[in-house]
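Have a look at the structure below, then the notes.
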Amino acid sequence: MSMFGIGKNNQTINPQNIAMAEQEVEMMSDIFNRLVMTCHKKCISPKYYEADLTKGESVCIDRCVSKYFEANQSLSQHMQKRGQENPTP
Amino acid sequence: MSMFGIGKNNQTINPQNIAMAEQEVEMMSDIFNRLVMTCHKKCISPKYYEADLTKGESVCIDRCVSKYFEANQSLSQHMQKRGQENPTP
Amino acid sequence: MSMFGIGKNNQTINPQNIAMAEQEVEMMSDIFNRLVMTCHKKCISPKYYEADLTKGESVCIDRCVSKYFEANQSLSQHMQKRGQENPTP
Amino acid sequence: MDRLNVKEQEHLTQVLEAKQLKEYLNMYSTLTQNCFSDCVQDFTSSKLSNKESECIAKCADKFLKHSERVGQRFAEFNAKYMGQ
Amino acid sequence: MDRLNVKEQEHLTQVLEAKQLKEYLNMYSTLTQNCFSDCVQDFTSSKLSNKESECIAKCADKFLKHSERVGQRFAEFNAKYMGQ
Amino acid sequence: MDRLNVKEQEHLTQVLEAKQLKEYLNMYSTLTQNCFSDCVQDFTSSKLSNKESECIAKCADKFLKHSERVGQRFAEFNAKYMGQ
């Protein structure tokens, strides 16, 4: 808009950009927290005989995260297809 | 306040109005989410043999929502009575 | 900064102070809510034969809160020690 | 909400649209977490079995239909109780 | 919170009052959800039975008394641990 | 997030730091609540027994190690799925 303003303009804060980036972070941290709780319930025995993860628990965690991502991915596609078939009013 | 300001004045944003309306929406969506989770636990079998709601599940959902509203209503009256008997300091 | 400004200056709102105080309150109310739910599960029988707390329930609540504070305290120390041994990158 | 003027209603609409997106994302996360918890019990493999995948898809569909039905009843009862 | 000046404390009071209302509404929703879950098991009717209504009322009273008692102990322990 | 300019990234960093603290506090509260729930069953005393204290400490350590491991896998899968 102004000959000299280009660089400056580029340096103003657009609240919408921030809000979108925040929402992205919010969503990632929500997914992460749910993943932690879900795989904890699936893999960690509530006996707590030792402070370290056992071999079995470690392997279970890896597989749990892998399956959770797969489920998330396939549900995301499933929902998109559903959304196209029944567009919300 | 100003001869010409009436219409205009009517068009300024009162943050408190927005905040109250937001809180109303927030509360409704909180109640709705709790209702969904509660009646899901009561009515939907975690076997998932089919993607559609069975007849039994559908009827259960309708009654669950009906009872939940009744419970909410009667608790709201109960709490008001309680609040009048023991006004909080 | 100004001869007359001291008192006035003292009366401006520093958003960071508010944010910190808010966070303190937020944290206390979060701990309190978790305490209420946790001790409810531990101490209150879901039979609800009467509206009053039984003697046994009351004693259980007192001990539950006491133990929860002790757990919170010892975990806080535990985490600090852990934090010093493995400083986060 | 009838007490709001035009400007306020416009502003609120924006706020609600942001909220709606947030609610949708939250619903999606809840659905994923619940269907995973109900359908996946076996961790001898790091890939979902066909049975698990099917279960998750059905669970999600059922959850959405459940949620829609609750929403319909919710709207009806809300109208009824408001009118009292 | 002692570090705040008068203006800041006034502002905080407003913030806290809004928060208190929110906490109250949240407590009320939690109470409704929990008492409903504990007291209502039968869905052959769409009206609450007398037994269910009584159970919900007692559950709510007990929940509030529980919450008050936890609040009293919480305040005491808080004072004690702060003083350490 | 690559679409942000320098000023926006600076601002976001501040927001994220506040969020990180909040997440840490939340994690700590969750950990306390879960480990207490799993380790403390006995309310004949108002002091934790040695066995309960040890259980809580191990539970907390395990929770943190679990959380770190999930975090590592999360980052890997995220990178993988983003690259698709």
Side-chain angles (χ1 to χ4, degrees), chain B residues 14-46 53-89, chain E residues 7 10-76 78-79:
Chain B
N14 180 344
Q16 254 190 323
N17 287 352
I18 299 287
M20 269 182 58
E22 266 191 77
Q23 195 160 48
E24 227 174 291
V25 174
E26 200 78 50
M27 206 185 74
M28 290 306 261
S29 102
D30 179 52
I31 292 179
F32 178 69
N33 288 334
R34 288 172 186 271
L35 188 57
V36 168
M37 296 323 291
T38 306
C39 293
H40 195 275
K41 222 177 259 163
K42 295 285 185 193
C43 296
I44 309 295
S45 146
L53 296 172
T54 67
K55 183 94 181 89
E57 286 170 336
S58 300
V59 174
C60 180
I61 292 169
D62 294 351
R63 290 176 180 157
C64 181
V65 177
S66 169
K67 285 192 164 193
Y68 200 90
F69 262 85
E70 203 186 327
N72 195 56
Q73 195 77 352
S74 89
L75 276 180
S76 151
Q77 286 163 7
H78 189 73
M79 302 274 283
Q80 269 172 10
K81 219 190 292 170
R82 226 186 106 98
Q84 281 154 8
E85 284 162 14
N86 324 304
T88 3
Chain E
K7 264 270 177 79
E10 275 171 15
H11 182 79
L12 191 62
T13 305
Q14 284 179 9
V15 172
L16 293 189
E17 272 165 17
K19 177 145 187 62
Q20 219 158 35
L21 176 59
K22 217 174 144 185
E23 283 290 316
Y24 178 83
L25 293 175
N26 184 46
M27 194 267 291
Y28 173 71
S29 293
T30 304
L31 181 158
T32 306
Q33 186 181 20
N34 290 358
C35 292
F36 185 88
S37 295
D38 282 349
C39 293
V40 184
Q41 319 294 349
D42 172 82
F43 295 96
T44 55
S45 157
S46 57
K47 294 264 158 241
L48 292 173
S49 70
N50 283 344
K51 216 179 140 195
E52 286 169 338
S53 292
E54 272 173 43
C55 178
I56 289 172
K58 282 179 188 164
C59 170
D61 277 333
K62 203 170 254 207
F63 186 93
L64 292 170
K65 283 167 190 164
H66 164 71
S67 185
E68 279 161 26
R69 191 171 188 106
V70 171
Q72 287 162 6
R73 292 298 95 77
F74 186 75
E76 290 166 17
N78 235 356

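Chain A is the first sequence line, chain B the second, and so forth, proteins listed ahead of strands; every chain is numbered from 1.
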**Asked** Heavy-atom distance under 4.5 Å to chain B: side chain of Leu25(E), backbone, both or neither?
**Response** side chain

**Message:** Less than 4.5 Å to any heavy atom of chain E: does that hold for the side chain of Leu75(B), its backbone, both, or neither?
**Reply:** both

**Request:** Check whether Asn34(E) gets within reach of chain B through its side chain, its backbone, both or neither, counting any heavy atom under 4.5 Å.
**Result:** neither

**Asked** Which bit of Glu70(B) is near chain E, if near means a heavy-atom gap under 4.5 Å: side chain, backbone, both or neither?
**Response** both

**Prompt:** Does the distance from a Lys or Arg side-chain N to an Asp or Glu carboxylate O, for Glu26(B) and Lys22(E), drop under 4.0 Å?
**Reply:** no

**Message:** Treating Lys42(B) as the side-chain partner and Gln41(E) as the backbone partner, does any N or O pair qualify as donor plus acceptor under 3.5 Å?
**Reply:** no

**Asked** What's the spacing between Asp62(B) CG and Phe43(E) CZ if we round to 0.5 Å?
**Response** 12.0 Å

**Prompt:** With chain B, which of Ala18(E), Ser37(E), Ala60(E) has the greatest number of heavy-atom pairs at distances under 4.5 Å?
**Reply:** Ser37(E)

**Request:** With sequence neighbours left out, write down each residue that passes salt bridge (Lys or Arg N to Asp or Glu O under 4.0 Å) with Glu10(E), or none if nothing qualifies.
**Result:** none

**Item:** chain E contacts, top residue of Arg63(B), Lys41(B), Met37(B), Gln23(B) (heavy-atom pairs, under 4.5 Å)
**Value:** Arg63(B)

**Asked** Do you know which of Ser74(B), Ala71(B), Cys64(B) has the most heavy-atom pairs with chain E at a distance under 4.5 angstrom?
**Response** Cys64(B)

**Asked** Relative to chain B, which of Asn26(E), Leu21(E), Thr30(E) shows the most heavy atom pairs under 4.5 Å?
**Response** Thr30(E)

**Item:** Shortest non-hydrogen contact from Asn72(B) toward Tyr28(E)
**Value:** O-OH, 2.7 Å

**Prompt:** Salt bridge check: are Asp30(B) and Arg34(B) linked by an N-O gap of less than 4.0 Å?
**Reply:** yes

